[in-house]
Amino acid sequence: MNIDTLVRKNVKKMSSYFSARDDFSEENVKKLIYLDANESPFDNRINRYPDNKHTELKKVVSDIKNVNVNEVIFGNGTDEILDLIVRVFCDPYRDKIITLPPTYGMYDVIAKTNGVENIEIPLKSDFSINKNEILKLSSTSNKILFLCSPNNPTGNSFDLNDLIDIIKCFKGVVVVDEAYIDFSSKQSLISLIEHNNNLIITQTLSKAYGMAGIRLGMGFSSKKIIDYLNKIKPPYNINVLTERKALKELNKIYEIEKNISIVLEQRKLLVSCLEKLVFVEKIYKSDANFLLVKVDNADLRYNQLLDKGIVVRNRSNQPLCQNCLRITIGTKNENTSLIKTLNEL
Ligand SMILES: *Cc1c(COP(=O)(O)O)cnc(C)c1O
């Protein structure tokens with residue numbers, strides 16, 4: 001696909017911010033006297049601006065994810081990357097995006113913030129993708145299709161063949177948000193970026209990696225798209241503390257993997273306990289670290305839990321989610337409290 005023709009004209013024409021440090025390569029970092037960026041000279045480990053190219057972190061992440069370093073972008077959370085994507089491709093009041101509700105609320109917020117219309121094509125009643133409807137709307141002005149797999153709040157992954165067909169046939173950019181991929185039995189689509197230059201995969205350190213507080217989102221795509229995103233990226237969007245902490249924690253992948261397996265075990269246990277409750281009508285199959293649960297009366301159950309000090313998410317107002325609660329898998333103790341409380345209702 002010719003990506004250049006999808007990019008906004010102003011973005012194509014502009015050049016990115018040229019930071020004081022852009023001229024100097026890393027190997028010189030230690031030897032030089034930096035009097036170029038109006039920083040404080042007094043060393044407290046945070047007095048210098050962060051590396052605007054995130055070189056070290058990119059090396060580590062691209063190794064873990066098995067992609068090239070120039071196929072990676074970082075954002076202040078995934079949310080920043082999603083916003084960059086909309087701003088690279090969508091001309092306000094002209095171009096549109098497509099989303100598949102019920103899904104993550106930020107796609108719509110970001111589109112509307114940028115004056116971009118969001119065309120909604122609801123999932124089918126079994127939460128699968130309406131492939132024909134999507135492809136019917138495929139046009140060069142419907143610039144971006146946002147897919148979330150495993151999907152939030154429904155918890156399911158989409159069918160691999162549906163996803164591949166859509167990536168191949170859609171005339172714009174396809175974003176697959178894989179925030180929950182580490183909890184899934186299905187494989188990431190990240191390897192498909194090599195042969196599909198219109199595909200962007202987003203992942204995050206906020207969920208399975210246990211670092212929602214440091215705000216680090218990751219985008220993976222063809223070098224072409226990454227270059228465009230970099231062009232408009234605020235240069236210092238990843239702060240020094242975030243980069244340092246991420247590098248430290250990513251060194252301990254085994255701990256992250258252990259925690260994922262605990263969550264998966266707890267998810268299974270929670271399903272078996274929830275199944276026994278008379279007011280639980282359906283527990284949807286989950287590939288994520290939460291369960292979507294249909295109950296007799298979601299408002300009532302939500303408030304009863306809140307009274308006992310347990311906060312879940314009431315998703316009743318979402319399409320196809322009437323009387324549904326979204327329950328995050330907690331620690332063993334937290335889940336035991338949840339089950340005990342539910343049993344007492
Ligand atoms: C939690 C979540 C994210 C993560 O966003 P961050 O900004 O990286 O914290 C992204 N997409 C979906 C669908 C999510 O549920």
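Order of appearance sets the numbers: ligands from 1, and atoms from 1 within every ligand.
Not counting sequence neighbours, Y209 has no partner by the ring pair (Phe, Tyr, Trp, His ring centres under 6.0 Å) test. Residues satisfying the side-chain hydrogen bond (donor to acceptor under 3.5 Å, both in side chains) criterion with R267, sequence neighbours excluded, are absent altogether.
The atoms of ligand 1 that sit less than 4.0 Å from any heavy atom of K207 are 1 (C), 2 (C), 3 (C), 4 (C), 14 (C), 15 (O). Numbered from 1 in the order shown, with element, the atoms of ligand 1 that lie under 4.0 Å from a heavy atom of C148 read 13 (C). Contact atoms of ligand 1 toward A179: 2 (C), 3 (C), 10 (C), 11 (N), 12 (C), 14 (C) (distance under 4.0 Å to a heavy atom of the residue). Under a 4.0 Å criterion applied to the non-hydrogen atoms of S206, ligand 1 contributes the atoms 6 (P), 8 (O), 9 (O). With ligand atoms numbered from 1 in the order given, ligand 1 contributes 4 (C), 5 (O), 6 (P), 7 (O), 8 (O) to contacts under 4.0 Å with heavy atoms of T78.
A pairwise comparison of heavy atoms in D108 and E120 identifies OD1-OE2, 4.5 Å as the closest pair. The nearest pair of heavy atoms linking Y104 to D177 is CD2-OD2, 4.1 Å. Across all their heavy atoms, F158 and S149 have their closest contact at N-OG, 3.0 Å.
Within the structure, the closest approach of A212 to ligand 1 does not fall below 4.0 Å when heavy atoms are considered. Using a 4.0 Å cutoff on heavy atoms, R215 counts as a contact of ligand 1.
Relative to the six-membered ring of F89, R8 misses at least one condition, a distance below 6.0 Å or an angle of at most 45° to the axis.
The nearest non-hydrogen atom to atom 15 (O) of ligand 1, considering only Y107, Y104, F146, Y180, comes from Y180. Proximity annotation for atom 10 (C) of ligand 1: of T204, I214, D177, D79, D177 comes nearest, heavy atoms only.
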- Task: Could you walk me through whether D287 and N156 pass the side-chain hydrogen bond (donor to acceptor under 3.5 Å, both in side chains) test, one step at a time?
- Result: CA-CA 6 Å; D287 259 335; N156 61 306; over 6 Å; no
